[in-house]
Enquirer: 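For reference, the structure I am asking about is given below.
Since this is a predicted model, take the numbers as computed values, not measurements. Positions are given from 1, in the same order as the sequence printed here. All heavy atoms count here, side chains included; hydrogens, waters and symmetry mates do not.
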Amino acid sequence: RHADKKWPAINTTAMYNFPAALGLQPYITPMTDSRPSQRGTFRNGGLPMNANLSAHVARMRAEITAAIPDPGYDGFCSIDYEDWAPIWPDQEGPGGSTVFGRWPDTWQLYRNATLNQLREAHPTWSADILEGVAKREWEASATTFLRTTLLTARAIRPRCAWGLYG
């Protein structure tokens with residue numbers, strides 16, 4: 001706080017509007033979706049390794065320039081992707097809470113979808129090999145997606161203090 005006891009004005013922009021938070025985030029419609037026919041549907045590739053980064057970046061450019069028209073904007077900008085994390089969803093967190101996503105079944109949904117996709121491509125692989133490759137592919141592609149998202153956002157509005165929420 002300033003000496004005059006007033007809070008300073010802080011410019012903040014949150015890029016959040018599930019399911020289209022920013023760009024073309026890959027996600028799977030949650031099993032808790034109010035539309036039963038949509039549950040488990042892959043959107044924008046569904047999994048990070050299926051994401052179209054070129055299309056994602058192009059959409060981001062349009063959305064950021066529309067949401068933040070001032071190229072000199074220097075506030076805080078938060079990107080809120082809550083559907084998945086760059087960590088392979090192989091365990092629950094403390095107290096049985098998931099370390100992954102908003103819904104209790106989210107981490108299992110993404111884990112199973114990743115393993116099933118690999119199993120279809122490599123039906124002779126053992127469960128151990130599938131698990132190891134799935135973990136490596138998930139973490140590499142999810143990290144690349146999030147890193148590309150942040151670097152692109154920073155390039156479009158370089159004076160913003162960009163970060164990920166969640």
Enquirer: Taking all atoms of both residues into account, what is the closest heavy-atom pair of Arg111 and Trp88, and its distance?
Expert: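 Scanning both residues, the minimum pair turns out to be CG-CZ2, 3.7 Å.
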
Enquirer: Just so I know, are the side chains of Trp138 and Leu115 near enough to count as touching, which here means a heavy-atom distance under 4.5 Å?
Expert: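 Contact flag for Trp138/Leu115 side chains = no.
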
Enquirer: Work out which heavy atom in Gln117 is nearest to a heavy atom in Leu47; give both atom names and the distance.
Expert: OE1-CD1, 3.6 Å

Enquirer: Hey, mind stepping through Thr114 and Met49 against side-chain contact (heavy atoms from CB on, under 4.5 Å) and telling me if it holds?
Expert: CA-CA 9 Å; Thr114 302; Met49 59 280 287; 3.7 Å; yes

Enquirer: Start with the C-alpha gap between Leu151 and Arg154, add the side-chain angles, then the distance that decides, and say whether side-chain contact (heavy atoms from CB on, under 4.5 Å) holds.
Expert: CA-CA 5 Å; Leu151 291 174; Arg154 194 177 302 161; 4.3 Å; yes

Enquirer: With rounding to the nearest 0.5 angstrom, report the NZ to CD distance, Lys135 to Glu139.
Expert: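 That separation rounds to 5.0 Å.
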
Enquirer: Hey, does the side chain of Thr65 reach the backbone of Ala62 with a donor-acceptor pair shorter than 3.5 angstrom?
Expert: yes

Enquirer: Measure the CG-CZ distance between Asn44 and Phe145 for me, rounded to the nearest 0.5 Å.
Expert: 8.0 Å

Enquirer: Which heavy atom in Cys160 sits nearest to a heavy atom in Tyr73, and how many Å separate them?
Expert: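 Scanning both residues completely, I find the closest heavy atoms to be SG-CD2, 3.2 Å.
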
Enquirer: Hey, quick one: are Val57 and Leu146 part of the same hydrophobic cluster, counting side-chain heavy atoms closer than 4.5 Å, chains of contacts allowed?
Expert: no

Enquirer: Please name the pair of heavy atoms, one in Leu24 and one in His56, separated by the smallest distance, quoted to 0.1 Å.
Expert: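 Of all heavy-atom pairs spanning Leu24 and His56, the closest is N-ND1, 2.9 Å.
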
Enquirer: Over all heavy atoms of both residues, which pair between Ala142 and Pro86 is shortest? Give the atoms and the distance, please.
Expert: CB-CA, 3.5 Å

Enquirer: Verify, without hydrogens or angle tests, whether Arg157 (side chain) and Ile64 (backbone) share a donor-acceptor contact under 3.5 angstrom.
Expert: no

Enquirer: Which pair of non-hydrogen atoms, one from Ala113 and one from Ile28, has the smallest distance, and what is that distance?
Expert: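 Scanning both residues, the minimum pair turns out to be CB-CD1, 3.7 Å.
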
